[in-house]
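See structure below.
Predicted model, so just to flag it, every value in this text is computed and none were measured. In what follows, chains are A, B, ... by sequence order, proteins preceding strands, each numbered from 1.
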Number of protein chains: 2
Amino acid sequence: MMLISTKGRYALRVLIDMAEHSGNDYIKLKDIAERQEISEKYLESIVKQLVSNKILTGLRGKGGGYKLAKTPDEIVVGDVLRLMEGSLAPVACLEDKPCPRVAECRTLEFWRGLDETIRRYADSFTVADLMRTDNAGFDYII
Amino acid sequence: MMLISTKGRYALRVLIDMAEHSGNDYIKLKDIAERQEISEKYLESIVKQLVSNKILTGLRGKGGGYKLAKTPDEIVVGDVLRLMEGSLAPVACLEDKPCPRVAECRTLEFWRGLDETIRRYADSFTVADLMRTDNAGFDYII
DNA sequence: TTTTTTCCCAGTATATCAGTATGTTGATAT
DNA sequence: ATATCAACATACTGATATACTGGGAAAAAA
């Protein structure tokens with residue numbers, strides 16, 4: 001199993017791409033799709049969620065496209081991933097299925113800790129951090 | 001998506017159950033299945049992998065069952081989860097698909113850091129740690 | 001040799017992922 | 001007005017994985 005699907009990964013790549021190519025103009029999805037080598041049609045479904053969650057704004061027609069609704073340093077990676085994946089919970093028993101064995105469960109605290117660890121890591125980066133090319137700043141928490 | 005499926009979760013519960021009920025005898029899967037309220041048939045497939053990886057030993061026939069092949073403090077949770085899940089990699093591009101955009105990828109280091117964070121957490125616990133009932137010791141790394 | 005319990009192989013329903021296809025709405029330029 | 005451009009909307013599809021179930025064979029003990 002995998003925690004993060006293409007939706008989350010592509011969403012981040014789109015946001016970074018837009019941040020790197022941001023002027024005053026709207027950016028066409030077609031251009032992003034070409035640069036990132038991702039199907040434009042598939043990106044539509046991803047970008048749609050980013051728009052409805054006020055991370056991007058869209059404009060139709062000629063000269064239209066998408067624009068960041070926030071500055072890159074205001075976009076928290078954890079927020080983007082939770083939005084795209086629905087949740088970053090590493091196990092089902094932390095969300096959809098509150099299992100009935102909670103009282104006797106020896107593993108629950110372990111999962112809570114894992115969840116918290118992931119959350120802290122993902123929330124400690126913004127899109128601005130990901131734009132860095134020198135690969136510094138990614139020292140995970142010791 | 002979810003990082004850990006029932007295979008990983010059930011495997012841990014089986015190991016903790018066995019550690020808590022361990023004497024000199026082999027423990028029947030039927031008993032574990034009843035205590036844990038998990039289908040015995042499904043547990044078979046899980047336990048099979050634990051046996052072939054020397055975490056458990058099995059014995060057939062009357063008086064048979066399963067036994068821990070190591071002491072609980074020798075069984076690292078991360079090892080069990082990696083075994084059952086195949087991998088704990090949070091994204092596909094860290095394993096099956098070494099993506100061709102590595103050189104230009106702005107997100108790769110972020111994923112590496114997440115992977116490492118998860119690995120460190122999971123490897124910092126043993127089955128013996130999970131047996132504790134006081135819920136202490138699960139302070140995730142600050 | 002019968003019972004017990006692990007071991008082995010195969011199949012199945014459901015869901016999710018990753019993507020495609022077809023069209024509609026709205027903004028701008030001519 | 002109307003043609004064009006690009007976002008927006010809906011529906012569908014193939015592949016894969018999860019979470020099981022079922023039937024039986026092998027081995028160990030009574």
Side-chain angles (χ1 to χ4, degrees), chain A residues 1-11 13-14 18 25-34 36-53 55-69 81 84-87 89-93 95-97 99, chain B residues 1-11 13-14 18 25-34 36-53 55-67 69 84-87 89-93 95-97 99:
Chain A
M1 263 171 158
M2 209 108 314
L3 186 65
I4 285 134
S5 69
T6 52
K7 276 195 207 295
R9 300 213 318 277
Y10 291 176
R13 282 170 57 186
V14 165
M18 292 183 71
D25 300 357
Y26 283 86
I27 304 168
K28 285 185 288 183
L29 195 57
K30 195 188 169 202
D31 292 343
I32 300 172
E34 277 172 8
Q36 295 295 321
E37 297 174 280
I38 302 173
S39 148
E40 184 185 349
K41 243 24 188 127
Y42 189 40
L43 277 190
E44 275 188 9
S45 62
I46 289 164
V47 156
K48 183 186 175 180
Q49 294 192 66
L50 296 174
V51 169
S52 65
N53 278 70
I55 293 170
L56 296 181
T57 53
L59 182 73
R60 300 195 238 204
K62 189 155 197 171
Y66 296 98
K67 217 183 217 179
L68 293 178
L81 295 179
M84 298 311 302
E85 303 295 335
S87 154
V91 289
C93 53
E95 45 160 24
D96 353 286
K97 307 182 200 166
C99 108
Chain B
M1 266 171 156
M2 210 108 313
L3 186 65
I4 285 135
S5 68
T6 53
K7 276 196 207 294
R9 299 212 322 273
Y10 291 176
R13 281 170 58 185
V14 164
M18 293 183 70
D25 300 357
Y26 283 86
I27 304 168
K28 284 184 290 185
L29 195 57
K30 196 189 170 202
D31 292 344
I32 301 171
E34 278 172 7
Q36 295 296 320
E37 298 174 281
I38 302 172
S39 147
E40 184 184 349
K41 232 43 185 109
Y42 189 40
L43 277 189
E44 274 187 10
S45 61
I46 289 164
V47 155
K48 184 186 175 181
Q49 294 193 67
L50 295 174
V51 169
S52 66
N53 278 71
I55 294 170
L56 296 181
T57 53
L59 183 72
R60 298 194 240 201
K62 189 153 194 169
Y66 295 97
K67 217 184 218 180
M84 298 310 302
E85 304 294 336
S87 154
V91 290
C93 52
E95 46 161 24
D96 353 287
K97 307 184 201 165
C99 109

Of B:Leu50, B:Val14, B:Val47, the one forming a side chain to side chain contact (heavy atoms under 4.5 Å, CB included) with B:Ile55 is B:Leu50

Using side-chain heavy atoms (C-beta onward) and a distance below 4.5 Å, is A:Leu3 in contact with B:Val91? no

Relative orientation of the end axes in the helix from C:dT1-D:dA30 to C:dT30-D:dA1, expressed as an angle to the nearest 10° (five pairs per end): 0°

Just verifying a value: how many Å separate B:Leu29 CG and B:Met18 CE, rounded to the nearest 0.5 Å? 8.5 Å

Under 4.0 angstrom between B:Ser5 side-chain N/O and D:dA19 OP1 or OP2: yes

Between D:dT18 and B:Thr6, is there an OP1 or OP2 to side-chain N/O distance shorter than 4.0 Å? no

Please report, rounded to the nearest Å, how far the P atom of C:dC8 is from the CD1 atom of B:Ile46. 16 Å

Quick one: is A:Ser45 getting a side-chain N or O under 4.0 Å of the C:dA18 phosphate, OP1 or OP2? no

I need the A:Lys28 NZ to A:Glu34 CD distance, nearest 0.5 Å. 8.5 Å

Separation of atom CD1 in A:Ile4 from atom C1' in C:dT16, rounded to whole Å: 16 Å

Over how many whole Å does the gap from A:Glu85 atom CD to C:dC17 atom P extend? 7 Å

How long is the line joining CE of B:Met84 and P of D:dA19, in whole Å? 11 Å

Quick check for you: to the nearest 0.5 Å, what is the distance between A:Ile4 atom CD1 and A:Arg9 atom CZ? 9.5 Å

Atom CD of A:Gln36 to atom C1' of C:dG19: distance rounded to whole Å? 18 Å

Atom CD of A:Glu95 and atom C1' of C:dT16: how far apart are they, to the nearest Å? 14 Å

Roughly how many Å is it from CE in A:Met2 to C1' in D:dT18, rounded to a whole number? 14 Å

Roughly how far, to the nearest 0.5 Å, is the CG atom of A:Leu56 from the OH atom of A:Tyr26? 10.5 Å

Kindly say if A:Tyr42 contacts the phosphate of C:dC17, meaning a side-chain N or O under 4.0 Å from OP1 or OP2. no

So does A:Tyr10 get a backbone contact from the side chain of A:Gln36, meaning a donor-acceptor N/O pair under 3.5 Å? no

Measure CD1/B:Ile38 against C1'/D:dT21 and give the value in whole Å, please. 16 Å

Can you sort out the partners of B:Lys48 under side-chain contact (heavy atoms from CB on, under 4.5 Å), two or more places apart, ordered by chain and number? none

Residue that, paired with A:Arg13, satisfies side chain to side chain contact (heavy atoms under 4.5 Å, CB included) out of A:Ile32, A:Leu43, A:Ile38, A:Thr6: A:Ile38

Reading nucleotides 2-12 of chain D 5' to 3', which nucleotides get B (base under 4.0 Å from a protein heavy atom), which S (sugar-phosphate only), which -? ---BBBBBB--

